[in-house]
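First the structure, in the form of structure tokens, and then the observations on it.
Throughout, a chain's letter reflects where its sequence line sits, starting with A, and its residues are numbered from 1.
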There are 2 protein chains.
Amino acid sequence: MNAVNESPRRKELTRLAAQLFVQEGFDRTTVRMLAQEMGIKSGSLFHHFRDKQEILAAVIEEGTQNALSLARQALESCGDSARERLHAMARAHLETLLTDRNAHVVALYEWRRLDAAARDHLSHLRDAYEALWEQVIDEALEAGLVHGDRFLVSRFVMGALNWTVRWYDPEGERKPGDLAHELVAMITPAAPLTASESTKV
Amino acid sequence: MNAVNESPRRKELTRLAAQLFVQEGFDRTTVRMLAQEMGIKSGSLFHHFRDKQEILAAVIEEGTQNALSLARQALESCGDSARERLHAMARAHLETLLTDRNAHVVALYEWRRLDAAARDHLSHLRDAYEALWEQVIDEALEAGLVHGDRFLVSRFVMGALNWTVRWYDPEGERKPGDLAHELVAMITPAAPLTASESTKV
DNA sequence: AGATCAACCAAGCAAGCGCTAGTGTAAACC
DNA sequence: GGTTTACACTAGCGCTTGCTTGGTTGATCT
């Protein structure tokens, strides 16, 4: 009912909605489908969410919050070198893309379906996340680890990472840490790895 | 009427549809909106296309065909070095992303709305395009221009390039050639440019 | 014991959807 | 000169959509 309400029930419903939104797309997912997946009738759905849009906003907010806190955590617990921090960010990004896959796919594909108010609110969250990235990229540039335009490098990196939802297979052999390692290796001149890059959580 | 029909009229309608699909998304674009944009009534639309899905398929096919032929052309008219070929591919990719922006955004975002038959047909086209990329990436790897896993490198590069539709401003100062140059520079160890990279069409 | 409240349901409304049927008309073809 | 073809129209069918309304239930609080 309340927009700020974060009851466990609502969280669970949000998780189910995310799954359906990924399977069918937001527009093709009807309130009746959502209700059935949740084990209730379509009318009851509007007790938890004001309207369909609010469900979408809840899904995206959940995913973005998780990404943000995971990234902050990763930066706190990694080493100080620019290379380690870059690797930690990439790895955190890929890990949240894996664990909250549905929410992030929805955020990437259905962002435009948000109404103006929700988009405004959520873009602040996203900006906070991207600011972390720009900071780490800046450090990498200053350390001479990466070369090029600050704006372009961060865009290219974000693109490479976000594109992974298209082809990454969580059941496969490659782990998020491996992908992060390969990406960092690709954009930096060859240099020996520090120990923490292959072991740290 | 015919699916293979490529009358100028149909091409123009396809172009208009692409624009609307980008603005509103495929599902939210009604046949009445499409018809109005085309200056006809909604019923008349089904003289040109069997159903709404066929319009989507036409939009995506148009864009992919253009990308494919532009890429082939670029590879034919560029130098032989791995670096030049990589740059030419990236530049061609960005140029078609610019000139056929609407069609490509639709292809990226609305692919899943295609029915099985259309998806099957179009995925062959897309595979042909991606094969060109893998070939160029292979050459770059063999030449020692780029290091890393063949599969991952091509995915990362495609991601970085396709992500540009999110932030690239065609009115800005950066040209497709500049972006391609920056990308190639980012993923290859520092090396002097050949003359053709900054002048060739 | 009475009041409150979250959570749900049955029923259905008004609007909009993709698409069809049947018709008109002007140009192109034999 | 009659037939065909391309392209457009009007009218509306059958269905689905997001959402509302009014009411029931069972747990919790006072």
Side-chain angles (χ1 to χ4, degrees), chain A residues 1-60 106 110 112-119, chain B residues 1-60 106 110 112-119:
Chain A
M1 184 186 261
N2 193 341
V4 199
N5 186 336
E6 279 301 331
S7 69
R9 180 72 173 140
R10 186 178 151 117
K11 262 205 169 177
E12 172 65 6
L13 297 182
T14 302
R15 204 185 53 82
L16 289 170
Q19 193 188 336
L20 264 182
F21 287 162
V22 168
Q23 263 176 47
E24 308 287 332
F26 176 70
D27 290 320
R28 286 175 109 88
T29 304
T30 70
V31 293
R32 287 166 179 81
M33 293 165 66
L34 287 165
Q36 187 174 25
E37 193 78 11
M38 299 168 180
I40 58 180
K41 298 297 175 181
S42 71
S44 312
L45 208 155
F46 294 91
H47 171 73
H48 301 278
F49 302 92
R50 187 152 13 109
D51 53 25
K52 195 186 166 191
Q53 287 251 10
E54 196 178 277
I55 309 179
L56 177 62
V59 167
I60 296 184
V106 170
E110 314 285 0
R112 296 155 31 88
R113 304 288 161 266
L114 291 168
D115 58 29
R119 190 153 48 207
Chain B
M1 186 185 262
N2 193 341
V4 200
N5 184 338
E6 280 300 330
S7 67
R9 177 77 171 138
R10 187 179 150 114
K11 264 205 169 178
E12 171 66 5
L13 298 183
T14 301
R15 204 184 53 82
L16 289 170
Q19 192 189 337
L20 264 182
F21 287 163
V22 169
Q23 263 176 45
E24 308 287 332
F26 176 70
D27 290 319
R28 286 175 109 87
T29 304
T30 70
V31 293
R32 287 166 179 83
M33 292 165 66
L34 286 165
Q36 187 175 26
E37 194 76 12
M38 298 167 178
I40 59 180
K41 299 296 176 182
S42 72
S44 312
L45 205 156
F46 294 91
H47 172 74
H48 301 278
F49 303 91
R50 187 154 13 109
D51 52 25
K52 195 186 165 191
Q53 287 251 11
E54 197 178 278
I55 309 179
L56 177 61
V59 167
I60 296 183
V106 170
E110 313 284 0
R112 293 154 32 87
R113 303 288 162 264
L114 291 168
D115 58 28
R119 190 152 49 207

(request) Taking side chain to side chain contact (heavy atoms under 4.5 Å, CB included) as the test, write out the residues that go with A/Ala17, two or more places apart. (result) A/Phe21, A/Leu34, A/Met38, A/Ile55, A/Val59

Which pairs, protein N/O on one side and nucleotides 27-29 of chain D N/O on the other, fall under 3.5 Å?
none

(message) Does a side-chain N or O of A/His48 approach OP1 or OP2 of C/dC8 to a distance below 4.0 Å, or not?
(response) yes

(request) Please determine if a side-chain N or O atom of B/His47 lies less than 4.0 Å away from the OP1 or OP2 oxygen of D/dA6. (result) no

(message) Output the rounded distance in Å from CZ (A/Phe49) to P (C/dA7).
(response) 11 Å

(request) Could I get the full list of side-chain hydrogen bond (donor to acceptor under 3.5 Å, both in side chains) partners for B/Asp27, not counting sequence neighbours? (result) A/Arg28, B/Arg113

(message) Quick check against the 3.5 Å criterion: does B/Arg112 have a side-chain atom that pairs as donor or acceptor with the backbone of A/Val22?
(response) yes

(request) Would you mind reading off the distance between B/Met38 atom CE and D/dC9 atom P, rounded to a whole angstrom? (result) 13 Å

(message) Please tell me if B/Arg9 has a side-chain N or O lying less than 4.0 Å from either OP1 or OP2 of D/dA8.
(response) yes

(request) First locate atom OG1 of B/Thr29, then atom CD of B/Gln19, and finally report the distance between them rounded to the nearest 0.5 Å. (result) 10.5 Å

(message) Could you measure the distance from the CD atom of A/Glu37 to the CG atom of A/Leu16? Nearest 0.5 Å is fine.
(response) 6.0 Å

(request) Please list, chain by chain and in numerical order, all residues satisfying side-chain hydrogen bond (donor to acceptor under 3.5 Å, both in side chains) with B/Glu12, sequence neighbours excluded. (result) B/Arg15

(request) Would you kindly give the CD-to-P distance between B/Glu12 and D/dC7, to the nearest whole Å? (result) 14 Å

(message) Can you give me the closest heavy-atom contact between B/Ala35 and B/Lys41, atom names plus distance?
(response) CB-C, 3.5 Å

Name the pairs: protein N/O against N/O of nucleotides 16-21 of chain D, kept only if under 3.5 Å.
residue	atom	partner	partner atom	Å
D/dG18	OP1	A/Thr29	O	3.4
D/dG18	OP1	A/Lys52	NZ	2.9
D/dG18	OP2	A/Val31	N	3.0
D/dG18	N7	A/Arg32	NH1	3.1
D/dG18	O6	A/Arg32	NH2	3.0
D/dC19	OP2	A/Lys52	N	2.8

(request) Answer with base, sugar-phosphate or nothing: what part of the nucleic acid does A/Lys41 contact at a heavy-atom distance below 4.0 Å? (result) sugar-phosphate

(request) List the atom of A/Asp51, the atom of A/Phe46, and the distance in Å for their closest heavy-atom pair. (result) CA-CE2, 3.9 Å

(request) Enter the inter-axis angle for the ends of the helix from C/dA1-D/dT30 to C/dC30-D/dG1 (five pairs per end, rounded to 10°). (result) 10°

(request) Please name the residue in the list A/His48, A/Glu54, A/Gln53, A/His47 that meets the side-chain hydrogen bond (donor to acceptor under 3.5 Å, both in side chains) test with A/Arg50. (result) A/Glu54

(request) To the nearest 0.5 Å, tell me how far B/Gln36 CD sits from B/Thr30 OG1. (result) 9.0 Å

(request) Let me know which of A/Asp115, A/Val106, A/Thr14 forms a side-chain contact (heavy atoms from CB on, under 4.5 Å) with A/Leu56. (result) A/Val106

